[in-house]
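In what follows, chains carry the letters A, B, and so on, assigned in the order in which the sequence lines appear, proteins first and then strands, with residues in each chain numbered from 1.
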Amino acid sequence: MSEIRLKRIDDYRWEITPFGGMRVPGIIYSSERLMKGLEKDESPKQVANVAHLPGIVRYSLAMPDIHWGYGFPIGGVAAFDLQNGIISPGGVGYDINCGCRLVATKLKYDDIKDRLEKLVTALFRDIPTGVGSTGVLKLSPKEERRVLVEGAQWAVKNGYGTAEDLEATEDGGRIEGADPDRISARAMERGRDQVGTLGSGNHFLEIEIVRDIYDDKVAAAFGLEKDQVAIMIHCGSRGLGHQICDDYLVRMMKQVNKLGIQLPDRQLACAYVQSEEGQDYLAAMACAANYAWANRQMLMHWTGETLQRALQVSPRDLGMRLVYDVCHNIAKIEDFTIEGAKMRLCVHRKGATRAFPANHISRKVARLKAVGCIKG
DNA sequence: ATGTCC
């Protein structure tokens, strides 16, 4: 990465001046302290690689969570022109529509502080967790297709949550254009019994306490106050999204080879947005996105039921309310005005959440077993 | 991220 020159723009922006085949500059949003952590990291090189891709508009961007990922860096954001630009599964990520959901409650820390182990144990018992975990539902192919098309709206329609939850979810928990006919039988099979499961890696479901208020107005708007109990859920589209990513990487790589498209990294396999492969991927990606939103909606609902049972409180006294559900692994067709010109772009955003692994729950449970709080 | 190798 000797060719990478990082030019400081201001306190929080660093520019990679174009070199070689870069079509646009790269910009990394980061503090000086975080930048030091990137000195031996390949992710700035990945920002530069993305800048090579056809149809990229203005910049190859990276958010402060930048670190090494598949093809694009995690934290990478890039928009491509709809006429001559590309779409790339590596710009979305393996876990399509992975995201976070913050849920507020009416409880205060004092209401739960003596029962934390009981709560964690109950949640671990009720929420399927870990690699390959399966849920309580086995969807028929017909029902699974509904999940893929309707997303969190399917979940609410089937008793998991309320219309208010959908209002607090990005895109209402449903992205348009999903077509189950464009995903593989294997992806369908893997999705069949994993809806309503947390997964592994850095996925988590945790009990949180509002420790500090930094901005009174924002806190009031979100209905958050000091010492309030909240829940954060971080998860995605499980084996289904992973399989869709795999399937389309293979298909796009074949096409890249066939067309002789030159890429700085084979992990940047992509297709023109307007091509058959590009359109199929968008429709397949939307299926996984909707599956992930249904997944988070169901997990939130079950969390509420578990907390009600464990604390012996009514739904009204628990007062669960979705603050917001925002996803961080997705590509969207969106309208922008750039230098006065209206443009429709294919925007990739590939994010991450702080490392607070689901395995943390496993470790916690191991400790609970060790001190005799739970059996088995 | 992922039935971390169909």
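Atoms CG (A/Leu198) and C1' (B/dA1) sit 12 Å apart, rounded to a whole Å. As a whole-Å value, the separation of A/Ile74 CD1 from B/dT2 P is 13 Å. Between the CG atom of A/Asp247 and the C1' atom of B/dC6 there is a distance of 13 Å, rounded to whole Å. For A/Asp95 and B/dT4, the CG to P distance is 16 Å, given to the nearest whole Å. Atoms NE2 (A/His234) and P (B/dA1) sit 6 Å apart, rounded to a whole Å. Rounded to whole Å, the distance from NE2 on A/His203 to P on B/dA1 is 5 Å. Atom-to-atom, CE of A/Met285 to C1' of B/dA1 comes out at 16 Å; the value is rounded to the nearest Å. Summarising the geometry, the separation between OH on A/Tyr70 and P on B/dT4 is reported as 17 Å, rounded to the nearest angstrom.
Within 4.0 Å (heavy atoms only), A/Gly239 reaches sugar-phosphate atoms of the nucleic acid but no base atom. Using a 4.0 Å heavy-atom distance criterion, A/Glu189 is classed as making no nucleic acid contact.
Using a 4.5 Å cut-off on side-chain heavy atoms (C-beta onward), A/His348 and A/Ile87 make contact.
Geometric assessment of A/Arg211 against the ring of A/Tyr109 yields a positive cation-pi assignment under the 6.0 Å and 45° thresholds.
OP1 or OP2 of B/dT2 has at least one side-chain nitrogen or oxygen of A/Arg238 nearer than 4.0 Å. Phosphate proximity of B/dA1 to A/Asn202: present, with a side-chain N or O under 4.0 Å from OP1 or OP2.
Using a cut-off of 4.0 Å between Lys/Arg side-chain N and Asp/Glu carboxylate O, A/Glu189 and A/Arg186 are scored as not salt-bridged. Using a 4.0 Å cut-off between charged side-chain N and carboxylate O, A/Asp126 and A/Arg309 make a salt bridge.
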